[in-house]
Amino acid sequence: MKRDPLSRKGLTRRLPEAWRRPLAVVGAAVALAWLVIALAAPVLAPYDPLAQELPRLAAPGPGHWFGTDQLGRDILSRVIHGARVTIPLTMLLVALSVLVGGLLGACAGYFGRWADETIMRIADLVFAFPTVILAMVVAAALGASLTNAVLAVLVVAWPAYARVTRGLVLGVREREFVLSGRLLGFSAWRSLRVDVLPNVTGPVLVLATLDIGTALLLLSGLSFLGLGAKPPSPEWGAMVAGGVEVFDSWWVATFPGLAILTVVLAFNFLGDTLRDALDPRTARAIKERAL
């Protein structure tokens, strides 16, 4: 009997071995669920996240599954709407870090000389300070707001991408296909864009996926410290900070904290899976263990 190529088993076998592991499936499912929640928040939230018309500090129950906070706001609605604030800003932050750090690192590795020395010394200067402390200093200097918190985390995040990209470019720029392009008259920028960057995208993409969790923690941490989102914005870090004021009402801080935890774990699982899938040696070892 001929097997249906569109059957569930057929689709599963077409996936790489790294993506069939339980942690990969869980990470993809949780990340996809949070993205859907962020997009459909106005439809999914049962109450207005800013309305203060409900009983204060009501415990979780049928009417309010996550309870209410000290101002009478539904925590489930605020967690759902918080996904529209925290997740897009985190994605934007990581994308900007990849763009800035990747571009500077590629220039440093490809052109060398003064470009390499200047960019890498600036990166070393940023690395000289503890990440959280430097982000706090930058955010405090710029003023408390979500936009400034994103800029503060960007300042401390780009050097990692610059260093990784530089190392990858150094290993590629002397390859035969790059040298052949230069001999054919390609400009340095065209060679960098067409020949070099596509060959260093994989590891940078893995680093970016793994870094989403770190960026979310930093962004939420700044909001927790009062250097990010301002009330009454339903941002997860600020919600956890509000729960500290009413520690006896455990649900106020627990549910936004669990939201942060699940997103961080999901993208860490995805990053590990992506790294295994893009590394030929690791992918081969996973396939051999599965056989």
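Side chains are part of it too, since the values below use all heavy atoms of this structure and drop only hydrogens, waters and symmetry mates. Only a predicted model underlies this, so the values are computations on that prediction, with no experimental measurement involved.
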Would you say the side chain of E235 lies within less than 4.5 Å of the side chain of P256, judging by non-hydrogen atoms? no
Taking the side chain as everything from C-beta on, heavy atoms only, tell me whether D74 gets closer than 4.5 Å to P49. no
Strictly distance-based, threshold 3.5 Å: is any side-chain N or O of T262 a donor or acceptor partner for the main-chain N or O of A259? yes
What's the verdict on side-chain contact (heavy atoms from CB on, under 4.5 Å) for S223 and L146, showing C-alpha distance, side-chain angles and the deciding distance? CA-CA 8 Å; S223 295; L146 269 175; 4.1 Å; yes
In one Ile/Leu/Val/Met/Phe/Trp/Tyr side-chain cluster, 4.5 Å: L35, I260: yes
Measure the shortest side-chain to side-chain distance between L92 and P88 over non-hydrogen atoms and say whether it is less than 4.5 angstrom. no
Take a 6.0 Å sphere around CZ of F127 and say whether it holds more than 12 heavy atoms from other residues, nucleotides or ligands. yes
Of all heavy-atom pairs linking T118 and W114, the shortest is OG1-O, 2.8 Å
Donor-acceptor pair, side chain of R275 and main chain of V206, under 3.5 angstrom: no
Side-chain contact test, heavy atoms from C-beta onward, threshold under 4.5 Å: evaluate it for L151 versus N148 and give yes or no. yes
Between CE on residue M91 and CG on residue L89, distance to nearest 0.5 Å: 11.5 Å
So the salt bridge (Lys or Arg N to Asp or Glu O under 4.0 Å) pairs with at least one residue in residues 109-122 (sequence neighbours excluded) are D116-R166, E117-R121, R121-D124
Hey, does F66 have a side-chain heavy atom less than 4.5 Å from the side chain of P60? no
So, do M239 and I75 sit near enough that their side-chain heavy atoms are less than 4.5 Å apart? yes
My understanding is that only residues two or more places apart in sequence, or in another chain, count here; which of them pass side chain to side chain donor-acceptor pair (under 3.5 Å) with T165? none
Considering all heavy atoms, the nearest I212-F267 contact: CD1-CD2, 3.6 Å
Check the pair Y161 / D211 against side-chain contact (heavy atoms from CB on, under 4.5 Å), numbers first and verdict last. CA-CA 10 Å; Y161 295 95; D211 209 32; 2.9 Å; yes
Out of curiosity, T209 OG1 to N268 CG, how far, rounded to the nearest 0.5 Å? 10.0 Å
OG1 of T68 to CZ of R56: how many Å apart, nearest 0.5 Å? 10.0 Å
Taking every heavy atom of A208 against every heavy atom of V98, the minimum-distance pair comes out as CB-CG2, 3.7 Å
Closest heavy-atom pair, R84 versus P42, reported as atoms and distance to 0.1 Å, is NH1-CD, 3.5 Å
Nearest-0.5 Å distance, CD1 of residue I122 to CE of residue M120: 9.0 Å
For the residue pair D48 and E53, establish whether any side-chain heavy-atom pair is separated by less than 4.5 Å. no
What heavy-atom pair brings A83 and A38 nearest, and what distance separates the two atoms? O-CB, 3.7 Å
Which pairs with one or both residues in residues 207-242 pass ring-ring contact (aromatic ring centres under 6.0 Å, His included), sequence neighbours excluded? W34-W236
Verify side-chain contact (heavy atoms from CB on, under 4.5 Å) between Q70 and S249, making sure each step is shown before the conclusion. CA-CA 9 Å; Q70 61 269 43; S249 302; over 6 Å; no
Go through it in stages, so that I can follow the logic: the residues are T214 and L210, the test is side-chain contact (heavy atoms from CB on, under 4.5 Å), and I'd like the CA-CA distance, side-chain angles, deciding distance and then a yes or no. CA-CA 8 Å; T214 303; L210 288 169; over 6 Å; no
If you round to the nearest 0.5 Å, how far is OG1 of T90 from CG of L217? 9.0 Å
Using the rule that Ile, Leu, Val, Met, Phe, Trp and Tyr join whenever any side-chain heavy atoms are under 4.5 Å apart, tell me whether L99 and V204 fall into a single cluster. no
same_hphob_cluster(L270, L265) at 4.5 Å side-chain heavy-atom cutoff: yes
Would you say L44 and L258 are hydrophobically clustered, going by side-chain heavy atoms of ILVMFWY under 4.5 Å? yes
Should H64 and L76 count as side-chain neighbours, where that means a heavy-atom distance under 4.5 Å? no
Side-chain heavy atoms nearer than 4.5 Å, only ILVMFWY residues, links allowed to pass through others: does that put V138 and L222 together? yes
Counting distance only, does the side-chain N/O of T201 pair as donor-acceptor with the main-chain N or O of L197 below 3.5 Å? yes
Atom CG in L274, atom CG in L205: separation rounded to 0.5 Å? 5.0 Å
What is the minimum heavy-atom distance between A215 and L93, and which atoms define it? CB-CD2, 3.7 Å
